[in-house]
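Step one of this worksheet: look at the structure below.
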Amino acid sequence: MAKKRILSGMRPSGRLHIGNYAGALENWIKYQEEYDCFFFAADWHALTTDVSAAFRVEENTFQMVIDWLSAGINPENPIFIQSKIKEHAELHLIFSMLITTARLERNPTLKEQVRDLNAETMIYGHLGYPVLQAADILIYKANAVPVGEDQAPHVEITRELARKFNLTYGKVFPEPETRLTTFARLPGLDGRKMGKSNNNYILLSDTPEEINKKVRTAVTDPQKVRRNDPGHPDVCNVFTYHQKFNPDQVSQIRKDCESGALGCVDCKNNCAAKIAAYFAPLREKRKHYEEHPDEVHDIINTGIIKARRIAQETMNDVYKAMKMG
Ligand code: TRP
């Protein structure tokens with residue numbers, strides 16, 4: 001039996017941080033064993049929150065893909081760039097006739113994003129963001145989409161669009177399932193959501209020294225003022241990092257923090273060393289790709305060719321069902 005197909009994308013934001021890793025990339029790597037996987041850079045989507053993102057898209061995509069490969073994404077999978085497959089835009093246009101603006105205005109992710117942008121008004125492309133995402137997913141007839149919780153409403157809209165198209169014109173699309181990432185959001189160094197714009201992140205590619213410097217600035221339990229004060233690991237960002245990157249020592253660290261035996265400086269140094277060790281193989285592989293950028297471009301170009309062929313086949317199915325072909 002043919003393997004089921006997984007598709008997922010990220011907006012290109014350059015080098016990835018450990019929040020991107022825990023929230024998405026690690027999951028993608030895991031799925032590769034079981035599924036036929038497609039991964040892409042959603043560069044058109046990047047324009048919805050910042051029109052000037054266009055100027056950085058190429059470099060940002062390149063750096064992001066290097067992180068994917070260095071973290072363990074298998075280059076045999078199609079890895080490609082959304083804007084290179086024009087069929088996504090074509091399918092988006094057809095889908096835009098099959099959903100009401102009222103439905104899109106109800107999208108909770110939209111409300112959150114518009115609020116974060118402090119925008120007075122909403123651009124047309126923002127409203128249609130999930131329609132483009134549905135086209136990204138359905139053009140490859142993906143069976144499942146691994147995403148974080150914030151993206152689940154978009155997969156729901158995707159399912160609705162698949163159903164609506166199939167009812168209107170005949171069955172072309174599967175209704176893809178949402179695969180929520182297993183690890184909850186990794187907090188940033190200051191406890192807010194880890195993100196580039198919050199300047200509270202650790203990059204996958206940071207050196208051990210950089211990681212140490214950053215972890216040393218992390219916000220811990222505010223009630224643990226002096227070294228020997230008893231701490232509360234459950235409210236400590238560094239403890240969350242230990243849970244993720246240092247699972248073997250977690251119970252000991254909890255005990256020693258709570259008893260006051262372990263001070264924050266020692267705890268942070270240990271944590272930074274564990275994060276650095278965790279990503280040591282990634283840094284090694286990254287060096288290789290940085291020295292061989294042509295390899296990366298070849299992988300992307302091969303991915304584009306594979307993806308385009310499938311996207312074109314789907315568009316043929318679409319027009320045939322619509323009796324427009
Ligand atoms: N909207 C997703 C995000 O911001 C990125 C994305 C675009 C995506 N198209 C997709 C994810 C299709 C999964 C499938 O994270």
Side-chain angles (χ1 to χ4, degrees), residues 4-14 16-17 19-29 31 35-50 53 57 60-61 64-65 67-68 73 77-92 95-96 104 107-114 116-117 123 125-162 173-181 183 185-186 193-197 303 307 310-311 314:
K4 287 205 167 181
R5 183 169 293 165
I6 281 260
L7 171 129
S8 201
M10 286 185 203
R11 281 176 285 170
S13 57
L16 298 179
H17 53 65
N20 301 129
Y21 178 83
L25 186 55
E26 188 180 26
N27 236 17
W28 293 10
I29 293 163
Y31 281 124
Y35 293 89
D36 182 22
C37 289
F38 284 59
F39 300 119
F40 75 100
D43 57 349
W44 279 329
H45 275 119
L47 304 179
T48 52
T49 42
D50 176 12
V57 141
N60 279 350
T61 299
M64 180 174 76
V65 170
D67 275 336
W68 291 357
I73 293 291
N77 295 311
I79 294 173
F80 58 97
I81 300 171
Q82 184 186 39
S83 67
K84 297 285 187 267
I85 320 284
K86 311 297 182 201
E87 287 79 4
H88 290 221
E90 202 177 342
L91 187 57
H92 161 261
F95 283 168
S96 72
L104 293 170
N107 168 23
T109 311
L110 177 80
K111 290 192 187 139
E112 216 175 279
Q113 280 187 353
V114 172
D116 289 352
L117 286 171
I123 55 161
H126 218 142
L127 189 66
Y129 186 112
V131 183
L132 179 58
Q133 186 160 345
D136 297 337
I137 296 167
L138 293 174
I139 205 151
Y140 303 104
K141 299 185 179 173
N143 304 102
V145 189
V147 286
E149 218 166 81
D150 60 321
Q151 296 292 312
H154 294 171
V155 184
E156 191 46 46
I157 291 174
T158 303
R159 294 164 59 82
E160 289 172 25
L161 276 164
F173 299 111
E175 281 178 41
E177 290 167 26
T178 309
R179 289 289 151 82
L180 282 186
T181 47
F183 199 81
R185 277 181 189 174
L186 208 59
K193 183 183 181 208
M194 189 176 287
K196 284 269 171 88
S197 50
I310 297 172
T314 302

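Ligands are counted one by one from 1 in listed order, and the atoms in each one are counted from 1 as well. No hydrogens, no waters, no symmetry mates; every other heavy atom, side chains included, goes into these values. Every value quoted in this text rests on a predicted model; they were computed, and no experiment measured them.
Residue pairs satisfying the salt bridge (Lys or Arg N to Asp or Glu O under 4.0 Å) criterion with at least one member in residues 147-160, sequence neighbours excluded, are listed as follows: R103-E160, E156-R159, R159-E175.
Ring geometry for H45 versus Y129: interplanar angle of 30 to 60°, hence tilted.
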I'd like a table of the close N/O pairs between ligand 1 and the protein (anything under 3.5 Å), one pair per line with both atom names and the distance.
{"unit_1": "ligand 1", "atom_1": "1 (N)", "unit_2": "Y129", "atom_2": "OH", "d": "2.7"}
{"unit_1": "ligand 1", "atom_1": "1 (N)", "unit_2": "Q133", "atom_2": "OE1", "d": "3.0"}
{"unit_1": "ligand 1", "atom_1": "1 (N)", "unit_2": "Q151", "atom_2": "OE1", "d": "2.8"}
{"unit_1": "ligand 1", "atom_1": "4 (O)", "unit_2": "R11", "atom_2": "NE", "d": "3.0"}
{"unit_1": "ligand 1", "atom_1": "4 (O)", "unit_2": "R11", "atom_2": "NH2", "d": "3.1"}
{"unit_1": "ligand 1", "atom_1": "4 (O)", "unit_2": "Y129", "atom_2": "OH", "d": "3.1"}
{"unit_1": "ligand 1", "atom_1": "9 (N)", "unit_2": "D136", "atom_2": "OD2", "d": "2.7"}

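Between T49 and R11, the closest side-chain pair of non-hydrogen atoms falls below 4.5 Å.
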Please determine whether side chain to side chain contact (heavy atoms under 4.5 Å, CB included) holds for the pair T314 and F173, giving the CA-CA distance in whole Å, both sets of side-chain angles, and the decisive distance to 0.1 Å. CA-CA 9 Å; T314 302; F173 299 111; 3.7 Å; yes
In sequence, state the C-alpha distance, the side-chain angles, and the governing distance for H88 and Y140, and then conclude on ring-ring contact (aromatic ring centres under 6.0 Å, His included). CA-CA 10 Å; H88 290 221; Y140 303 104; 5.4 Å; yes
Run the side-chain hydrogen bond (donor to acceptor under 3.5 Å, both in side chains) check on S83 and D43 step by step: do they pass? CA-CA 6 Å; S83 67; D43 57 349; 2.6 Å; yes
